[in-house]
Amino acid sequence: MNKESKKKIDVKDAFEKGKAFIGFVTGGDPSIEKSEEIILRMVEAGCDLIEIGIPFSDPIAEGPVIQEANIRALSVGTTTDKIFGLAENVRRKTDVPLVLLTYLNPVFHYGYEGFFARCRESGINGIIIPDMPYEEKGELEQYGKKYGVDLISLIAPTSEERIKKIANGAEGFVYVVSSMGVTGVRSEITTDLESMISAVRKATDTPAAVGFGVNTPKQAAQIAKIADGVIVGSAIVKIIARYGDEAGEHVYRYVKEMKDAILQ
């Protein structure tokens, strides 16, 4: 996509061609330049939406794998403005929806108005803030609407009676958290996802995607049978941690294998 393109991109575009594969990277790990290369390889491999994490010193929803990626990214001087620059460069080359994953502190520190204005300028279509309770979403809603940025809500296994309320107000997609605890690969996912997704679907037409712990093609295929999308973060970040500057091809192969699995 060139910079002059007028095509409107929405988060929901990721789900238009069937089951969506959503991949996460920590921006700036191992460098801003390599993050761009890895993201574009993920798109090439079939990623339907990219989540870019803004590195933060206290990412409370993250397990050790993504915590370490945050430290690596911060240690090479990655800033919020550099993440916006990364998104802008990626947006010039692809129409795939881009979503930021961050915490409320960096957004507050940047300034709500300025942050959401930069999101629009750099081609960001949505934002996920794991430490912002649904009840406090109103603090940011006016800025999301003003600048066309979806505030993506998370639903946890403990949400129970709150699922309907959260799903009712959902934008972009509903992020269904597969397991209690922090992010990280899991050998099995035992949550009753079917019931959670059924409750979401009764409340909204907004697509539901499952994340936290998904890392094998078998898991992805099973989840794709009941959800609209599969989200993978830690498994991709582990590959980047292992291969560093040479991670692009390895990430490409992994994403392609996962995407192929959910399309079966």
Side-chain angles (χ1 to χ4, degrees), residues 1-17 20-55 69 72-74 76-102 106-107 110-111 113-128 143-152 171-173 229 231-233 236-237 239-240 243-256 259:
M1 170 182 170
N2 60 46
K3 205 174 179 184
E4 290 73 36
S5 173
K6 300 295 182 188
K7 174 180 164 70
K8 187 176 186 307
I9 300 165
D10 290 313
V11 170
K12 286 184 181 178
D13 293 349
F15 301 87
E16 282 188 350
K17 298 172 188 171
F21 182 79
I22 297 169
F24 169 90
V25 296
T26 298
D29 175 35
S31 67
I32 286 289
E33 296 74 22
K34 286 295 173 181
S35 287
E36 181 182 341
E37 178 191 314
I38 290 165
I39 288 168
L40 293 172
R41 292 305 316 259
M42 288 164 69
V43 171
E44 191 185 336
C47 223
D48 300 290
L49 184 149
I50 302 286
E51 288 180 17
I52 303 172
I54 298 178
R72 288 193 299 271
L74 289 169
V76 295
T78 305
T79 62
T80 301
D81 278 324
K82 287 183 180 179
I83 298 296
F84 283 129
L86 166 64
E88 205 165 354
N89 289 340
V90 170
R91 175 53 70 229
R92 289 192 188 106
K93 296 166 185 173
T94 179
D95 289 339
V96 164
L98 302 176
V99 168
L100 290 179
L101 189 143
T102 186
V107 184
Y110 200 96
E113 183 94 33
F115 188 93
F116 279 84
R118 284 293 284 127
C119 282
R120 183 168 72 182
E121 287 165 13
S122 56
I124 295 294
N125 310 109
I127 183 170
I128 301 166
Y143 303 106
K145 285 182 169 50
K146 181 175 179 179
Y147 294 105
V149 179
D150 287 337
L151 301 178
I152 294 161
E171 301 172 8
F173 70 90
I231 306 165
V232 176
I236 292 170
V237 174
I239 295 169
I240 295 168
Y243 293 103
D245 287 352
E246 309 304 317
E249 182 60 30
H250 300 278
V251 171
Y252 170 87
R253 287 203 296 268
Y254 174 76
V255 170
K256 188 169 189 318
K259 174 70 177 186

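Source: prediction; values computed, not measured.
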Backbone N or O of [Y] within a donor-acceptor pair of the [X] side chain at under 3.5 Å?
X     : Y      : value
Asp13 : Asp10  : yes
Thr78 : Leu74  : no
Lys34 : Gly244 : no

**Request:** Test side chain to side chain contact (heavy atoms under 4.5 Å, CB included) on Glu37 and Val251 and set out the steps.
**Result:** CA-CA 11 Å; Glu37 178 191 314; Val251 171; over 6 Å; no
**Prompt:** Are the aromatic ring centres of Phe84 and Phe115 under 6.0 angstrom apart?
**Reply:**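 Distance test on ring centres: under 6.0 Å, yes.
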Any side-chain heavy-atom pair of [X] and [Y] under 4.5 Å:
X      : Y      : answer
Val90  : Ile50  : no
Lys146 : Arg120 : no
Cys47  : Ile39  : no
Ile127 : Leu151 : yes
Pro30  : Ile38  : yes
Thr26  : Arg72  : no
Arg91  : Ile9   : yes
Phe24  : Val237 : yes

**From CA spacing to verdict: side chain to side chain contact (heavy atoms under 4.5 Å, CB included), Arg118, Asp81** = CA-CA 9 Å; Arg118 284 293 284 127; Asp81 278 324; 4.1 Å; yes
**Item:** Atom CD of Glu249 with >12 non-hydrogen neighbours under 6.0 angstrom
**Value:**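 Yes, enclosed.
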To check you understand the geometry: which heavy-atom pair defines the closest contact between [X] and [Y], and what is its length?
X     : Y      : result
Ala73 : Gly27  : CB-O, 3.4 Å
Pro97 : Asn125 : CA-OD1, 3.3 Å
Ser35 : Gly28  : OG-N, 2.9 Å
Ile32 : Leu86  : O-CD1, 3.7 Å
Gly23 : Ile236 : CA-CD1, 3.9 Å

[atom1] of [X] to [atom2] of [Y]: how many Å apart, nearest 0.5 Å?
X      : Y      : atom1 : atom2 : answer
Ile240 : Asp29  : CD1   : CG    : 6.0 Å
Ile52  : Ser122 : CD1   : OG    : 8.5 Å
Leu49  : Met42  : CG    : CE    : 9.5 Å

**Prompt:** Would you call Lys259 and Asp48 a salt bridge, taking side-chain N to carboxylate O under 4.0 Å as the test?
**Reply:**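 Result for this pair is yes, salt bridge flagged.
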**Prompt:** Yes or no on salt bridge (Lys or Arg N to Asp or Glu O under 4.0 Å) for Lys145 and Glu171, after CA distance, side-chain angles and deciding distance?
**Reply:** CA-CA 10 Å; Lys145 285 182 169 50; Glu171 301 172 8; 3.7 Å; yes
**Message:** Does Phe173 form a side chain to side chain contact (heavy atoms under 4.5 Å, CB included) with Ile128? I'd like the steps, not just the answer.
**Reply:** CA-CA 10 Å; Phe173 70 90; Ile128 301 166; 4.3 Å; yes
**Message:** Can a side-chain donor-acceptor contact be found between Glu121 and Tyr147 if the only test is distance below 3.5 angstrom?
**Reply:**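 The criterion, which ignores hydrogens and geometry beyond distance, is not satisfied for Glu121 and Tyr147.
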**Request:** Would you verify whether the NZ or CZ of Arg41 falls within 45 degrees of the ring axis of Tyr252 while also being under 6.0 Å from that six-membered ring's centre?
**Result:**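 Yes, a cation-pi geometry holds between Arg41 and Tyr252.
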